[in-house]
Amino acid sequence: MMNTSRREQFLDLMDKSGWDVLLLYGHSWRKDFFRSLVNFNFFGPHAAAVLSRSGELSILVSHPWDQDVLARSVNARVQCAPEFESGLRGVVSEFKNAKIAIAGMEFMEARFVDSQAVSATGAIEALRRIKTVEEIEILRQAALLADIGYQHFIDTIQVGMAEFELVAEVEGFLKERGAEDNFMLIGSGGTEVFGMRPPTERRFQIGDNVTTELSPQVNGYYAQICRTLVLGEPNENQSKSFSIFREAQQAAEDFLKPGVNIRDVARVQNDVFRREGYGEFTGSKYTRVRGHNLGLYPDENPWVLEDVDCVVGEGMVLIAHPNTYLPLSGYMVFGDTLVVTDKGCVRLGQTEKKLFSKEA
Amino acid sequence: MKRGLITWDKSEIPAEVFEQRIAGIRRIMAEKNIPAVVVYSELWRSNPARYFSNFMPYFNRALLIIPADRPVTLLCGLSPRVYGWIRSVTTIEDVRPAGNFAKPLLDMAAEAGWNSIGIVDCPQFPFDLNRAIQVGNLEIINLSAVGLCDDTELAMRRKGIAMAREFLDAELNAGVGQTDYKFVGRLERRFRTAGAEDLITLVTNGNGVPAPASGVRLEAHYSVSLALEYRGHWVRVTRPHDYACTPDWLVRDDTAAVVENLGGSYPYECVSRSSLRSGAIFAVHVSRPVGAKQIFYGDTCWYGGAGPQLL
């Protein structure tokens, strides 16, 4: 449960930064900073890991069941404070005149934040960006789960089924196989579809583009797969559209290696669309990002965008997905989880890189 | 996470209910001379905004702005490409993109001539937003989310808890001998097919408290604890397999009981029983020894006129 490699990194950072206390905060949406040190899926809504410069760890949670499990599992003082504000104050007050740094400070409730504290969010994010060997192995398992999850998606979908019924089935499938959680969006239809969102009551029809991103979480870590499936035989526009997405994603995969800048990982994808005359559709009106980092949060920084400055390092795990709208066939998605190696990158999943179709 | 059906069933919640809720807060605004109220919403803290507009974000965050004299506005971190979907499942027409929420809010206030704004649970606002909004020249008036409850809210919670009780009671026997993962998957299918947006499942064989599934095989008298979100309304239920329990346990003064407020910003938050007030929607979970192990039992309750009762 304790990420000992990270613990050493955090202590080293504290020493270099002059921080006496590092507080890693989590709430039920953003558990990732807490879990980067104490990998426990707390019930919540709050949890804080408080690491002192001497290496002592205190944990504060807000639900007694979380306290019970943690107290049996980690070598740390574990306290429960349903009144989390006063509990946090109590823990912090033990460190007199201490320089306190908080990871996750920005999304903490304002009343929790000590006025003298500094933000450690960016620095901790930067460390977390490079995954340990153990973390990469967990992400590999999550990517393989995404593969079989998507196969189940294909096996299950049929004309007349409602989007939410398909998602319910995929969710059950992934949870049966040990997924803690799954960030999943879906879209279905034709050129009237501009993006994905949670499932609706819409029923699948022949000819639909069905887009999805599956992001199963295994032991805290999210991998992701993005695929498009056509119900029936893809028409010429759908095939042409997908070929652009395929080439754009491959361009990112061929380009990605240590030392390149993430903005260029976005650029090489967008250049494919520009070359085909669809440069307009690489902007924020039609697409959010061209990919993002993966880890304890499904949408980690850096985002893959042409205005993001971040040098890629070995051990980063990210997805390059040129998901966007094209007037040819509507919204399409395509992407795989990639780990950056010393010389390039390797795909962690094994799902075929194609436009899927299913006889309707 | 919310991956179930986010929808607005007008037979369950007619538009008039939201209109009455907005009218209600506008009466309070008029009494306190507040020109606009701001409600924070994110994936995990969506109760208040959902109460006023049926808005439940599946990701990112948003601010629901309720002016005294003009339509409601949603400042939304989600992409404009999903605003059509937002309009289709909420009462909101005016949806605006906002990466930096403070600036459009302060611009709106300046354009409307507001000198003050009410913020629901201001001290609980995320630190970055709280700080950015305070930079403006607006007087900030804190308003509490306590008391956001009417007959429709209770009816929807009743619907959710009825579903939770019915499905769990029907599935408990099937859990014995299965791995907890398999059982959780079974529940996910059942609840999400029935329209649940979110489901959190904790299990135990009785050697400890309910906790996330970990691959163990469920034994007789295992216990399962659910947090279920149905149409944005959260309920809690905890049941042991094959062990007779009585709701009376939940309303007794048991100092070891876990009591959760379900009516605040969060889906559930541990509180002391003594802090519950009339109108509160809450959950109570107790444990009982069975040999060397424990079983767990809990349910969603309501503090009605006759005192605490099962919802």
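Just so it is clear, the model here is predicted, and its values are computed rather than measured. Residue numbers start from 1 in every chain, and the chains themselves are labelled A, B, ... in the order their sequence lines are given, proteins ahead of strands.
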Subject >> More than 12 heavy atoms of other groups within 6.0 Å of A:E192 CD >> reply: yes
Original post:
How many angstroms lie between CZ in B:R3 and CZ in A:F183, if you round to the nearest 0.5 Å?
Top reply: 9.0 Å
Original post:
To the nearest 0.5 Å, what is the distance between CD (A:E106) and CZ (B:F127)?
Top reply: 8.0 Å
Original post:
Under a 4.5 Å heavy-atom cut-off, does chain B meet the side chain of A:N182, its backbone, both or neither?
Top reply: both
Subject >> Segment of B:Y58 engaging chain A (4.5 angstrom heavy-atom cut-off) >> reply: both
Subject >> Partner of B:R189 under side chain to side chain contact (heavy atoms under 4.5 Å, CB included), chosen from A:E165, A:E176, A:K175 >> reply: A:E176
**OP:** Under 4.5 Å heavy-atom distance to chain B, tell me which part of A:S62 shows up: side chain, backbone, both or neither.
**Re:** backbone
Subject >> Winner by heavy-atom pair count (cut-off under 4.5 Å) against chain B, out of A:M196, A:H46, A:E83 >> reply: A:H46
**OP:** Using non-hydrogen atoms and a 4.5 Å limit, figure out which bit of A:F173 sits close to chain B: side chain, backbone, both or neither.
**Re:** both
Original post:
For the residue pair A:W29 and B:F59, does the interplanar ring angle fall in the parallel (under 30°), tilted (30 to 60°) or perpendicular (over 60°) class?
Top reply: perpendicular
Original post:
B:C270 and A:P82: which non-hydrogen atoms are nearest, and at how many Å?
Top reply: O-CB, 3.4 Å
Original post:
Looking at CZ of A:R288 and CG of B:N60, how far apart are the two atoms once the value is rounded to the nearest 0.5 Å?
Top reply: 8.0 Å
Original post:
What's the verdict on side chain to side chain contact (heavy atoms under 4.5 Å, CB included) for A:W65 and B:F296, showing C-alpha distance, side-chain angles and the deciding distance?
Top reply: CA-CA 12 Å; A:W65 290 354; B:F296 291 82; 4.3 Å; yes
Original post:
Given that the side chain runs from C-beta out, which part of B:P210 has a heavy atom under 4.5 Å from chain A: side chain, backbone, both or neither?
Top reply: both
**OP:** Would you indicate whether the side-chain heavy atoms of A:E109 and B:R45 approach each other to under 4.5 Å?
**Re:** yes
Original post:
What part of B:L78 gets closer than 4.5 Å to chain A, counting heavy atoms only: side chain, backbone, both or neither?
Top reply: neither
Original post:
Contact part of B:T201 toward chain A, heavy-atom cut-off under 4.5 Å: side chain, backbone, both or neither?
Top reply: neither
**OP:** With a 4.5 angstrom heavy-atom cut-off, could you sort out which part of B:N207 is near chain A: side chain, backbone, both or neither?
**Re:** backbone
**OP:** Using modelled atom types only, decide if a donor and an acceptor are shared between the side chain of B:Y268 and the backbone of A:F43 within a distance under 3.5 Å.
**Re:** yes
Original post:
Which of the residues A:V69, A:D181, A:T200 is involved in the greatest number of heavy-atom pairs with chain B at under 4.5 angstrom?
Top reply: A:D181
Subject >> Evaluation steps, side chain to side chain contact (heavy atoms under 4.5 Å, CB included), between A:H63 and B:V258 >> reply: CA-CA 9 Å; A:H63 199 287; B:V258 173; 3.8 Å; yes
**OP:** Against chain B, label A:T287 side chain, backbone, both or neither, depending on which of its atoms sit under 4.5 Å from a heavy atom there.
**Re:** backbone
**OP:** Against chain A, label B:E260 side chain, backbone, both or neither, depending on which of its atoms sit under 4.5 Å from a heavy atom there.
**Re:** side chain
Original post:
Heavy-atom distance under 4.5 Å to chain B: side chain of A:L185, backbone, both or neither?
Top reply: side chain
Original post:
Among A:G44, A:P199, A:G195, who wins on heavy-atom pairs under 4.5 Å with chain B?
Top reply: A:P199
Original post:
With respect to chain A, which residue among B:R81, B:E188, B:R192 yields the maximal number of heavy-atom pairs within a distance under 4.5 Å?
Top reply: B:R81
**OP:** Report yes if some heavy atom in the side chain of A:E171 is under 4.5 Å from a heavy atom in the side chain of B:T193; otherwise report no.
**Re:** no
**OP:** Measure the CD-CD1 distance between A:E180 and B:I200 for me, rounded to the nearest 0.5 Å.
**Re:** 12.0 Å
Original post:
What do the steps show when you test A:H27 against B:E42 for side chain to side chain contact (heavy atoms under 4.5 Å, CB included), and what is the final call?
Top reply: CA-CA 12 Å; A:H27 63 37; B:E42 65 173 47; 3.8 Å; yes
Original post:
Any side-chain heavy atom of A:S28 sitting closer than 4.5 Å to one from B:Y266?
Top reply: no
**OP:** To the nearest 0.5 angstrom, please state how far the OG atom of B:S79 sits from the NZ atom of A:K285.
**Re:** 11.5 Å
**OP:** Flag the one option from B:R186, B:Q178, B:H285, B:Q124 with the top tally of heavy-atom pairs under 4.5 Å to chain A.
**Re:** B:Q124
Subject >> Straight-line distance of A:R197 CZ to B:I6 CD1, nearest 0.5 Å >> reply: 10.5 Å
Original post:
B:N130 versus chain A, heavy atoms under 4.5 Å apart: side chain, backbone, both or neither?
Top reply: side chain
Subject >> Which atoms of A:R72 approach chain B - backbone, side chain, both or neither, heavy atom under 4.5 Å >> reply: side chain
Original post:
Based on non-hydrogen pairs under 4.5 Å, which of B:G195, B:G84, B:P212, B:S88 is most in contact with chain A?
Top reply: B:P212
